[in-house]
Amino acid sequence: MKTMEDVQQTKQENVQAYVERIMKIIEKRNPNEVEFHQAAKEVLDSLVPVLVKHPEYIDHAIVERMVEPDRLLTFRVPWVDDQGRVKVNRGFRVQFNNAIGPYKGGLRFHPSVNASIIKFLGFEQIFKNSLTGQPIGGGKGGSDFDPKGKSDLEIMRFCQSFMNELANHIGPDVDVPAGDIGVGAREIGYMFGQYKKLRGAYEAGVLTGKGLGYGGSLGRKEATGYGTVYFVDEMLKDNGLSFKDKTVVVSGSGNVSIYAIEKATELGAKVIACSDSSGYIYDANGIDLETIKQLKEVENKRIYHYLDHHPNALYMEGCAGIWSLPCDIALPCATQNELDEQSANMLIENGVKAVGEGANMPTTLDAIHTFMDNDVLFAPAKAANAGGVAVSALEMAQNSARLAWTVEEVDGKLKQIMKNIYQDSVQASEEYGVAGNLVTGANIAGFKKVADAMIAQGVN
Ligand code: GLU
């Protein structure tokens, strides 16, 4: 006779096989899109317990529908460089899921951008945005345009051309892009200007991350980095730890890194290293953030110029070496797959206690498992870096109300949102029998809200 345990075991195996079948379909339908496969696999594996408990999600083919975007747009972006030559790039926008709100997610301008990158980012955005508790669906976009070394006028012409097509597909209640790697307030400004011109209307809420003088929100620029540190701080506190007197390594030196460094330092940590795509700097005295801001936000210079101001610091070529530095807390804030299993092992050997993902999918699947197997506290990106898009949603709310909140108001809301995300992730991990596994907890908490909305809205 079958015991209850046997029945449960069979259910679990059936769901596992079901998830594997979907994974196969994903791989077949999206050949060679390795980043998208990786992001899907991480989510699908963690959904097994929720699908065992809620077979209605299987009946409604929720997972099959979620992994297929509503639409993926690709388009030609022609522009003229300063020498008068015509250049052509490819533009993308994936509108993945709008069950709980308009598509929302950034635009990335980087030569590595392709359909796989945009789809992994757009897919993750569904769950991240759901976790924020704000009414925003999942989308993402960008281009293989390389902003490095381009003049201001070239950037403007590119942004205008990009928007000439994108404007046909977005709107404050349809799809609301923002920044990501290679897209900051300057690019958003040029795109907003072009959108306004094309529409003949001032639809402030069509883009977020705008300048403060025309509908941007105070605290948006800082939100992703601050949010990551707020989230990690919750996780540390829950485990009897804190940032105080801890040694921290933060990869990257863009918007996320800069404000993660700022907040971690404010909470009493010493940040000893950060990087750019060429290499990393190590400053035993603690990174001087004003120098980094000057180099990266004002002068647009490589990070080794830090040594011009701090000759005692060290510069090393290559990025992965940053994880060989002994630290208590590691915050990968640069880009996808920047922290692999080998780096994870180095960090563990050197006594790392916690890892918080500020970038999107910076840790490989093997490295995540290595951290978990070694009891390193691990804050996954969808939860830990949700602060940026959360404040984007607050920017949309301010634009709709034609109001501007104070920085204290925005930061207070951000802190509360990050706390809620932490608690929701912990609670889901406990409810589904994987207590302490925030990867699974965050995926499940983000998934359920979207899945329930999809069931309520019927098959579409
Ligand atoms: N690019 C950011 C992210 O990965 C922010 C997106 C937004 O604000 O819409 O979440």
Side-chain angles (χ1 to χ4, degrees), residues 35 39 92-98 100-110 113 117-143 166 170-172 174-185 187-188 191-192 204-211 215-228 231 252 254-260 332-336 356-362 379-399 410 413-414 417-418 421 442 446:
E35 293 85 4
F92 296 88
R93 186 74 184 164
V94 67
Q95 298 180 331
F96 234 110
N97 188 299
N98 65 354
I100 62 169
Y103 307 108
K104 180 85 195 87
L107 298 169
R108 176 178 291 192
F109 291 170
H110 191 271
V113 164
I117 299 279
I118 294 301
K119 277 154 76 179
F120 112 66
L121 290 163
F123 182 67
E124 297 216 320
Q125 207 83 40
I126 304 171
F127 307 94
K128 180 193 325 197
N129 294 4
S130 163
L131 279 169
T132 66
Q134 306 292 309
I136 40 178
K140 200 86 188 189
S143 174
L166 190 67
I170 62 175
V174 179
D175 182 355
V176 182
D180 195 84
I181 293 172
V183 178
E187 291 73 18
I188 293 292
M191 286 189 271
F192 182 69
V206 69
L207 291 169
T208 61
K210 298 181 293 295
S217 173
L218 284 163
R220 172 63 188 90
K221 186 170 69 168
E222 297 83 355
T224 315
Y226 279 15
T228 300
F231 187 92
N255 189 50
V256 182
S257 316
I258 286 177
Y259 294 98
C333 295
T335 194
Q336 67 272 358
E357 294 188 311
N360 290 313
M361 205 169 78
K382 291 186 207 76
N385 81 17
V389 77
V391 173
S392 274
L394 301 182
E395 182 172 329
M396 290 162 71
Q398 293 169 77
N399 293 155
V410 175
K413 286 184 202 290
L414 170 65
I417 289 170
M418 298 316 292
I421 297 176

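Nothing here was measured: the structure is a model prediction, and the numbers come from that model. Whatever order the structure lists them in is the order used to number ligands and atoms, beginning at 1. In this chain, numbering begins with 1 at the start of the sequence shown.
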- Ionic contact status for Arg93 with Asp175, cut-off 4.0 Å: yes

- Is it true that a side-chain atom of Gln398 and a backbone atom of Leu394 form a donor plus acceptor pair closer than 3.5 Å? yes

- Any donor-acceptor N/O pair, Ser130 side chain to Gly446 backbone, under 3.5 Å: yes

- Measure the distance from atom 5 (C) of ligand 1 to every protein heavy atom, then report the residue, atom name and distance (to 0.1 Å) of the closest one. Arg220 NH2, 3.5 Å

- Task: Under the side-chain contact (heavy atoms from CB on, under 4.5 Å) rule, what do Val206 and Phe192 come out as? Steps first, then yes or no, please.
- Result: CA-CA 8 Å; Val206 69; Phe192 182 69; 3.9 Å; yes

- Does any N or O in the side chain of Glu357 come within less than 3.5 Å of the main-chain N or O of Ala381, such that one atom is a donor and the other an acceptor? yes

- Task: Starting from atom 6 (C) of ligand 1, find the nearest protein heavy-atom neighbour and note its residue, name and distance.
- Result: Gly106 N, 3.5 Å

- Task: Flag the pair Arg220 and Glu395 as a salt bridge only when some basic side-chain nitrogen lies within less than 4.0 angstrom of an acidic carboxylate oxygen.
- Result: no

- Message: Show me which atoms of ligand 1 lie under 4.0 Å from any heavy atom of Gly105.
- Response: 9 (O)

- Which bit of Arg108 is near ligand 1, meaning a heavy atom under 4.0 Å away: side chain, backbone, both or neither? neither

- Proximal candidate to atom 2 (C) of ligand 1 [heavy atom criterion; set Gly179, Gly142, Pro177, Ser392]: Gly179

- Answer side chain, backbone, both or neither: which part of Thr224 comes under 4.0 Å from ligand 1, heavy atoms only. neither

- Just jot down the side chain to side chain donor-acceptor pair (under 3.5 Å) partners of Asn399, sequence neighbours excluded, or say none. Lys210

- Task: Check whether any side-chain heavy atom of Asn97 sits under 4.5 Å from a side-chain heavy atom of Asn129, and report yes or no.
- Result: no

- Task: Give yes if a backbone or side-chain nitrogen or oxygen of Asn385 is under 3.5 Å from a nitrogen or oxygen of ligand 1, and no if not.
- Result: no

- Atoms of ligand 1, numbered as shown, that sit under 4.0 Å from any heavy atom of Ala178: 7 (C), 8 (O), 9 (O)

- So, Lys128 versus Asn360: side-chain donor-acceptor pair below 3.5 Å or not? yes

- How far is atom 9 (O) of ligand 1 from its nearest protein heavy atom, and which residue and atom is that? Lys104 NZ, 2.7 Å

- Message: At under 4.0 Å between heavy atoms, is it the side chain or the backbone of Lys140 that contacts ligand 1, or both, or neither?
- Response: side chain

- For Asn360, the ligand 1 atoms with a heavy-atom partner under 4.0 Å come out as 4 (O)

- How close does the nearest protein non-hydrogen atom get to atom 10 (O) of ligand 1, and which residue and atom is it? Lys128 NZ, 2.8 Å

- Checking heavy atoms under 4.0 Å, the part of Met396 that sits near ligand 1 is neither

